[in-house]
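Here the structure is a predicted model, which is why all the values come from computation and not from measurement. The figures that follow rest on heavy atoms only: side chains count, while hydrogens, waters and symmetry mates do not. Residue numbering restarts at 1 for every chain, and letters A, B, ... go by the order of the sequence lines.
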Amino acid sequence: MLQLQVLRQNEREVKDRLAVKNFKNPELVDEVISLDDQRKKLQLEYDTTQQQVNSASKEIGMLMGKGEKDAAEVKKKEVAELKARLQPINEQLIATESKLTDTLVQIPNLPSPLVPNGNSASDNEVVKEGGEKPGLHAGSVPHWDLIKQYDIVDFETGAKLTGSGFPLYKGAGAKLQRALVQYFLDYNIAAGYTEYLPPFMVNEASAYGTGQLPDKEGQMYHMQLDNFYMIPTSEVPVTNIYRDEIVKAEQLPIKMTAYSPCFRREAGSFGKEVRGLNRVHQFEKVEIVQLTHPDKSYEALDQMVAHVEGLLKSLESPYRILRLCGGDMSFTSALTYDFEVYSAAQERWLEVSSTSNFESYQTNRMKIRFKDENGKTQLVHSLNGSSLALPRIVACLLENNQKENEIVLPAVLHSYFGKSAIQKS
RNA sequence: GGAGACCUGCUCGAGUGGUUGAAGAGGCACGCCUGGAAAGUGUGUAUACCCCUAAAGGGUAUCAAGGGUUCGAAUCCCUUGGUCUCCGCCA
């Protein structure tokens, strides 16, 4: 959530920038400010009354010590009256505070000045395009046919085991998953990221910390018996590692990477767009996360973008980098770059990574702070990106590299996969 | 799953109802001492919110989390979470 202080001091600017995100309820900003005023008033009233209670209680203690029971009784009555007054104030204070946070979390992060105006995906700005679109041979087919021809992903049996959208990888298909995960992790570790293997379920506090709760509850699988959520991305457990902590300035930037399966309900998706591996309920992903000094986060974002780009280049895939427009960005992001690879047989671009700077929006909720040069406690900035999500990369690798009787893998994967190509079994 | 012990500040650790935000030790920071360092020595060392603010100052809350008893709770009671030990079960 946004920092109250920022919101109060730059009300006009906040509203202007929210407009870039097509935010429909700018009046929430005014609401937050008036709730905060109310909160302060109540807080002062509560504190001063509580102070009277505290000092009277101390006096009672001293009177009792001196054996002046009657005087103590008089004080006790006084305290009882004060406490009777305190109760409704306290109730109002709690109510106001919770209404304040409820309102504040409904206001999205402010877009950075680099974010272009726009309403939908078509308004995103292509900032870079690289690699070459392959020329496919005559009998080329989309990946959902290839996986059957080569018998490497079995959706039908996955559906039998769980439901639609839960692919069962088999043989070379399973091994390719493992090879890619291993390669991506090694690539990230070489760039200074520390590897983590996090829990695949998280509690409510963690889901709230990265912003999946309260607004995106329906997107996560929920284990009701234990009140755990299956993670939609390892960003959730990994960013939460430092929740409620104050780190030392010299620890920054903290660079973390993690592999995890990701679970997404994807309620409401259907149709050709989501065929095959284009959209599934469970998929493998390697994520990178950084916690940085607030002055360094955009520098870090550029590094992360270059890092992911290098990965796509090494996979010899045609790709492009988009800067998302205000209307297409996520609620919590200040600036997002999406990476898409070209799927030659489908003749469309598929998103394989989304790399964002959240500034202090997430860390304000999670209270991840550091001590700056002057000894002041400040929020760090958080960033994350996929490097990479597997299914769509796999779709592209299969489609773009298909030959008459085999699928040739990029050189960088040969040692991880153990062979240079996938053959029909 | 059953039985029990426990959860205090950066760390260790005292504290079983009354000026305890919390003794003591260690660590860390700064100063003194030193040619320099070690040793020694002095001082400081939480977070959030609020009032007042130029600064200083003051208040409230926080001893796993939440609730309760009490004029008063780190201390008593309840719930939840976590750690450890023993038993059971198990990849």
Angle between ring planes, A:Tyr221 versus A:Phe166, binned at 30° and 60°: parallel, tilted or perpendicular?
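Plane angle between 30° and 60°, so tilted.
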Between [N] ([atom2]) and [X] ([atom1]): distance, integer Å:
X: A:Gln50; N: B:G72; atom1: CD; atom2: C1'; result: 11 Å
X: A:Lys248; N: B:A29; atom1: NZ; atom2: C1'; result: 12 Å
X: A:Leu42; N: B:U60; atom1: CG; atom2: P; result: 18 Å
X: A:Ile89; N: B:U60; atom1: CD1; atom2: C1'; result: 13 Å
X: A:Gln51; N: B:C52; atom1: CD; atom2: C1'; result: 14 Å
X: A:Gln87; N: B:U70; atom1: CD; atom2: P; result: 13 Å
X: A:Arg243; N: B:G82; atom1: CZ; atom2: P; result: 13 Å

Looking at every non-hydrogen atom in both residues, tell me the closest pair between A:Asp151 and A:Lys170 and how far apart they are.
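Closest approach of A:Asp151 to A:Lys170, heavy atoms only: OD2-NZ, 2.7 Å.
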Heavy atoms only, 4.0 Å cut-off, all strands: where does A:Lys77 land among base, sugar-phosphate and nothing?
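No contact.
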Using a 4.0 Å heavy-atom cut-off, does A:Asn203 contact any base of the nucleic acid, only the sugar-phosphate backbone, or nothing at all?
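Touches nothing.
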Using the side chain to side chain donor-acceptor pair (under 3.5 Å) criterion, which residues pair with A:Ser164? Sequence neighbours excluded.
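None.
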Pairs involving residues 229-252 of chain A, ordered by first then second residue, that meet side chain to side chain donor-acceptor pair (under 3.5 Å) (sequence neighbours left out)
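Checked against side chain to side chain donor-acceptor pair (under 3.5 Å) - neighbours excluded - the pairs reaching residues 229-252 of chain A are A:Ser206-A:Arg243, A:Glu217-A:Tyr229, A:Thr233-A:Lys285, A:Glu235-A:Gln362, A:Glu235-A:Asn384, A:Asn240-A:Arg243.
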What distance, rounded to whole Å, do you find between the two [atom1] atoms, one in [N] and one in [M]?
N: B:G9; M: B:G44; atom1: C1'; value: 15 Å
N: B:A91; M: B:G24; atom1: C1'; value: 48 Å
N: B:G13; M: B:A64; atom1: P; value: 15 Å
N: B:U83; M: B:C49; atom1: C1'; value: 32 Å
N: B:U62; M: B:A73; atom1: C1'; value: 13 Å
N: B:U80; M: B:C7; atom1: C1'; value: 14 Å
N: B:C77; M: B:G18; atom1: P; value: 16 Å
N: B:U16; M: B:C76; atom1: P; value: 9 Å

Does [N] have a Watson-Crick or wobble partner in any strand here, with both distances under 3.5 angstrom, and which is it?
N: B:G21; answer: none
N: B:A64; answer: B:U80
N: B:A74; answer: none
N: B:G36; answer: none
N: B:C90; answer: none
N: B:U16; answer: none
N: B:G44; answer: B:C28
N: B:C52; answer: none

Please, which pairs that meet ring-ring contact (aromatic ring centres under 6.0 Å, His included) have at least one residue in residues 366-397 of chain A, sequence neighbours excluded?
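Counting only pairs at least two positions apart or across chains, the ring-ring contact (aromatic ring centres under 6.0 Å, His included) contacts touching residues 366-397 of chain A are A:His293-A:Phe370.
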Sub-3.5 Å donor-acceptor pair from the side chain of A:Asn364 to the main-chain atoms of A:Ser360, do we have one?
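No, A:Asn364 side chain to A:Ser360 backbone: no donor-acceptor pair under 3.5 Å.
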A:Leu398 backbone acceptor or donor facing A:Asn401 side chain under 3.5 Å:
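Not a single qualifying donor-acceptor pair exists.
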Under 4.0 Å between a side-chain N/O of A:Asn54 and OP1 or OP2 of B:U60, yes or no?
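Looking at the OP1 and OP2 atoms of B:U60, one of them is under 4.0 Å from a side-chain N or O of A:Asn54.
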Taking 4.0 Å as the cut-off, does a side-chain nitrogen or oxygen of A:Lys83 come that near to OP1 or OP2 on B:G72?
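Looking at the OP1 and OP2 atoms of B:G72, one of them is under 4.0 Å from a side-chain N or O of A:Lys83.
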Would a 4.5 Å heavy-atom cut-off, applied to side chains only, mark A:Leu383 and A:Met304 as touching?
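Answer yes - side chains close enough.
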Can you tell if the side chain of A:Leu180 reaches within under 4.5 Å of the side chain of A:Val286, non-hydrogen atoms only?
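Sidechains of A:Val286 and A:Leu180: no contact.
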Between the side chains of A:Asp37 and A:Lys41, is the shortest nitrogen-to-carboxylate-oxygen separation below 4.0 Å, so that they form an ion pair?
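Not counted as a salt bridge, because no side-chain N and carboxylate O are separated by less than 4.0 Å.
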Name all residues meeting the ring-ring contact (aromatic ring centres under 6.0 Å, His included) criterion together with A:Tyr193; count only those two or more places apart in sequence or in a different chain, and write none if there are none.
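A:His307.
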Using the 3.5 Å cut-off, write out each protein N or O paired with an N or O of nucleotides 15-21 of chain B and the distance between them.
{"residue": "B:G18", "atom": "N2", "partner": "A:Ser57", "partner atom": "O", "Å": "2.9"}

Contacts under 3.5 Å, N or O only, protein and nucleotides 45-51 of chain B:
{"residue": "B:U47", "atom": "OP1", "partner": "A:Lys371", "partner atom": "NZ", "Å": "2.0"}
{"residue": "B:U47", "atom": "OP1", "partner": "A:Thr377", "partner atom": "OG1", "Å": "3.3"}
{"residue": "B:U47", "atom": "O3'", "partner": "A:Arg369", "partner atom": "NH1", "Å": "3.2"}
{"residue": "B:C49", "atom": "O3'", "partner": "A:Arg39", "partner atom": "NH2", "Å": "2.4"}
{"residue": "B:C49", "atom": "O2'", "partner": "A:Arg39", "partner atom": "NH2", "Å": "3.3"}
{"residue": "B:C49", "atom": "O2'", "partner": "A:Gln43", "partner atom": "OE1", "Å": "2.6"}
{"residue": "B:C50", "atom": "OP1", "partner": "A:Arg39", "partner atom": "NH2", "Å": "3.0"}

